[in-house]
Amino acid sequence: MNNSQLKDNPIDIYAFQQDLLSWFEKEQRDLPWRKDKDPYKVWVSEIMLQQTRVDTVIPYFLRFMEAFPTVKDLAEAEEEKVLKLWEGLGYYSRARNLQSAVREVHEQYDGVVPNNIKDISALKGVGPYTAGAILSIAYGEPEPAVDGNVMRVLSRILMIENDIAKASSRKIFEAAVRELISHDNPSYFNQALMELGALICTPTSPSCLLCPVRDHCHAFYEGKQAELPVKTKKAKNKHVQIASAILANSKGELLIRKRSNKGLLANLWEFPNEEIHLQIESDKQQLQNQLSKSYDTHVKINQRIGQLDHVFTHLTWHINLYEGEIHSVTETDNVKLVPLEDIKKYPFPVSHQKMFMQYMQHKGKVLADE
DNA sequence: CAAGCGTGGTT
DNA sequence: TAACCAAGCTT
């Protein structure tokens, strides 16, 4: 196809497929979830890869597959063990939804991942992208799998100027993929679009001179690849003051508690903490009063031993960390006193792992001074 | 539809 | 360095 044709016409679909697939067959990365087409493995990898880099996912995927090689293994596992293996990967509802859906597959589908759009889309945590990814990659079905890469790549190739931050835009790109997708190899076609976005057609400074489908790209022809995709910015996040305490009893055991089963960091463990609002009382005093009330016992907050900021996508925590003492707490499923060496057995958010490290450093200094 | 939901790497 | 980004889903 020459450029005069490109200017006025839709792209040559067959030539585009050939150029894209040839490139992918030659240049695709050797990734652990590409060893076979086991729908379960494809599924797990796709969930882990949501909003998460390939290099980050690899070690998590390998450990996860070692612990839970089959649908049955994951279905029968304790949620706490699943969360522990997910610790640090973020978006923890992915892990809980995945296990819930895997249990559904184990019980309702005899352990076989559904191969049709209706049933697979009904599984928790499986949205339009993941459904299309599993159906195309594991089952060879010509379904679109539109992620951020695909929207960026196609916005440039086809000069689509819809705002990719808007949910409604996904349908535009799905329609485009339905036009373009190779029915001979839907799996490679979808993966190739994503691989191209990851390796060549990157968000800033795309490597157009290395691009296998440069001759099909309307944005490159117009010199406007840097203007695409159109993506509006999101609002700034909120800032919240947190006072947190690591409380020890006379045996040196630490008080930890399990977070709510909904919302932020659901079902992970944490050190007791409170959101602080501007008041007359110090955050230390507010924390001591709140925790004494929560655990119906006298809590003594000693000195501040650390400070840290933790940035989420939509929220920033400004944390003051204290150490203190507690006696005679009633332990429940959600409140425990655990020895120092057992802390690592529980799934914690990264922010609370950092608090624990500051606490251990503080303890080390106190010992050195004695 | 917009907001909520994590973390670490890159620019 | 603050902002942006990375194979999205749920409510």
Side-chain angles (χ1 to χ4, degrees), chain A residues 24 28-29 31-34 41-61 83 86-98 100-101 120-134 136-138 144-153 163-171 173-174 177 187 189-199 201-205 229 231-240 259-268 270 309-317 347-354:
Chain A
F24 183 69
Q28 66 168 298
R29 289 168 291 180
L31 300 173
W33 45 89
R34 288 179 174 163
K41 293 180 190 169
V42 173
W43 183 9
V44 171
S45 72
E46 291 300 340
I47 300 297
M48 286 188 170
L49 285 162
Q50 289 170 7
Q51 302 292 285
T52 311
R53 295 181 133 75
V54 164
D55 289 345
T56 302
V57 167
I58 289 172
Y60 281 89
F61 178 81
L83 285 175
W86 209 274
E87 185 183 58
L89 197 53
Y91 288 140
Y92 299 95
S93 67
R94 290 183 297 173
R96 295 185 304 113
N97 288 338
L98 172 62
S100 172
I120 204 169
S121 300
L123 298 171
K124 281 185 189 168
V126 178
Y129 163 74
T130 305
I134 297 172
S136 60
I137 296 172
V146 174
D147 72 336
N149 284 312
V150 172
M151 289 196 282
R152 182 175 60 257
V153 169
D163 182 356
I164 67 167
K166 292 191 178 301
S168 59
S169 296
R170 199 195 67 250
K171 292 186 178 66
F173 291 94
E174 284 178 348
V177 172
S187 168
F189 183 87
N190 280 341
Q191 291 186 73
L193 277 185
M194 293 187 274
E195 196 84 340
L196 189 68
L199 301 181
C201 195
T202 51
T204 58
S205 60
K231 186 179 185 182
T232 54
K233 294 170 184 175
K234 289 180 180 173
K236 286 186 190 172
N237 65 9
K238 295 173 184 173
H239 289 240
V240 173
R259 292 177 61 88
S260 157
N261 61 4
K262 291 180 179 178
L264 184 66
L265 304 168
N267 282 5
L268 271 65
E270 67 176 6
D309 294 340
H310 192 78
V311 180
F312 300 92
T313 301
H314 62 297
L315 189 68
T316 298
W317 278 350
F348 281 85
V350 167
S351 51
H352 285 253
Q353 294 177 43
K354 289 177 181 170

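Chain naming here is simple, since letters A, B, ... match the order of the sequence lines and numbering starts at 1 in each. As the structure is a prediction and not an experimental result, all values here were calculated from the model. Just so you know, these numbers use all the heavy atoms, side chains as well, and skip hydrogens, waters and symmetry mates.
Residue contacts shown for A:Val126 are limited to sugar-phosphate atoms, with no base heavy atom under 4.0 Å away. Within the 4.0 angstrom heavy-atom criterion, no nucleotide atom of any strand lies near A:Arg170. A:Gly197 comes within contact range of no nucleotide atom at all, as no heavy-atom separation falls under 4.0 Å. A:Thr56 comes within 4.0 angstrom of no nucleic acid atom, judged by non-hydrogen atoms across all strands. Contact annotation for A:Ile134: no contact, since no heavy-atom pair falls under 4.0 Å across all strands. Among the protein residues, A:Lys238 comes within range of the sugar-phosphate backbone only, with heavy atoms under 4.0 Å from sugar or phosphate atoms but none that close to a base. A:Arg34 comes within 4.0 angstrom of a nucleotide base, judged by non-hydrogen atoms across all strands. Among the heavy atoms of the strands lying under 4.0 Å from A:Trp33 is at least one base atom, whether or not backbone atoms are also near.
Contact between A:Pro59 and A:Asp55 at its shortest, heavy atoms only, is CD-O, 3.5 Å.
Across C:dC4 and B:dA3, the matching P atoms stand 15 Å from one another, rounded to whole Å. Straight-line distance between the P atoms of C:dA7 and C:dA3: roughly 22 Å, to the nearest whole Å. Rounded to whole Å, the P atom of C:dC9 lies 23 Å from the corresponding atom of B:dG8. On the P atoms, B:dC5 is 23 Å away from C:dA6, given to the nearest whole Å.
Separating the CG atom of A:Leu89 from the P atom of C:dA6 is a distance of 17 Å, rounded to the nearest angstrom. When the C1' atom of C:dG8 is taken as reference, atom CE of A:Met151 falls 9 Å away, rounded to whole Å. Here C:dA2 presents its P atom at 11 Å from NZ of A:Lys236, a figure rounded to the nearest Å. To the nearest angstrom, P of C:dA7 lies 14 Å from CD of A:Gln191. Regarding A:Arg53, its CZ atom lies at a distance of 11 Å from the P atom of C:dC5, rounded to whole Å. A:Asn237 has its CG atom 12 Å from the C1' atom of B:dG6, to the nearest Å. Following rounding to the nearest Å, A:Asp163 (CG) and B:dA2 (P) show an atom-to-atom distance of 9 Å. The distance between atom OH of A:Tyr91 and atom C1' of B:dA3, rounded to the nearest whole Å, is 11 Å.
The shortest distance between the side-chain N/O atoms of A:His314 and the OP1/OP2 oxygens of B:dC5 is below 4.0 Å. Dashed line: the shortest gap from a side-chain N or O of A:Arg94 to OP1 or OP2 of B:dG6 is not under 4.0 Å. Of the side-chain N and O atoms in A:Lys233, none sit less than 4.0 angstrom from OP1 or OP2 of C:dA3. In this structure, A:Thr130 reaches the C:dC9 phosphate: one of its side-chain N or O atoms is under 4.0 Å from OP1 or OP2. Checking the phosphate oxygens (OP1, OP2) of B:dT7, a side-chain nitrogen or oxygen of A:His310 falls inside 4.0 Å. For C:dA7, neither phosphate oxygen OP1 nor OP2 lies less than 4.0 angstrom from any side-chain nitrogen or oxygen of A:Gln50.
Of the possible donor and acceptor atoms, none in the side chain of A:Arg259 sits under 3.5 Å from a partner among the backbone N and O of A:Glu270. A:Gln353 contributes a side-chain N or O that, together with a main-chain N or O of A:Phe348, makes up a donor-acceptor pair within less than 3.5 Å. No side-chain donor-acceptor contact under 3.5 Å links A:Tyr91 to the backbone of A:Met48.
Both A:Thr204 and A:Lys234 lie close to DNA chain B; mapped to their nearest nucleotides by heavy-atom distance, the more 5′-ward contact belongs to A:Lys234. With DNA chain B read from its 5' end, the first of the two nearest nucleotides for A:Ser168 and A:Phe312 is the one closest to A:Ser168.
Relative orientation of the A:His310 and A:Trp317 rings is tilted, given thresholds of 30° and 60° on the angle between their planes.
Note that CZ of A:Phe61 and CG of A:Leu31 are 10.0 Å apart. Values are rounded to the nearest 0.5 Å.
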For this session: Could you go through the side chain to side chain contact (heavy atoms under 4.5 Å, CB included) check for A:Asn149 and A:Met151 one step at a time?
Result: CA-CA 5 Å; A:Asn149 284 312; A:Met151 289 196 282; over 6 Å; no

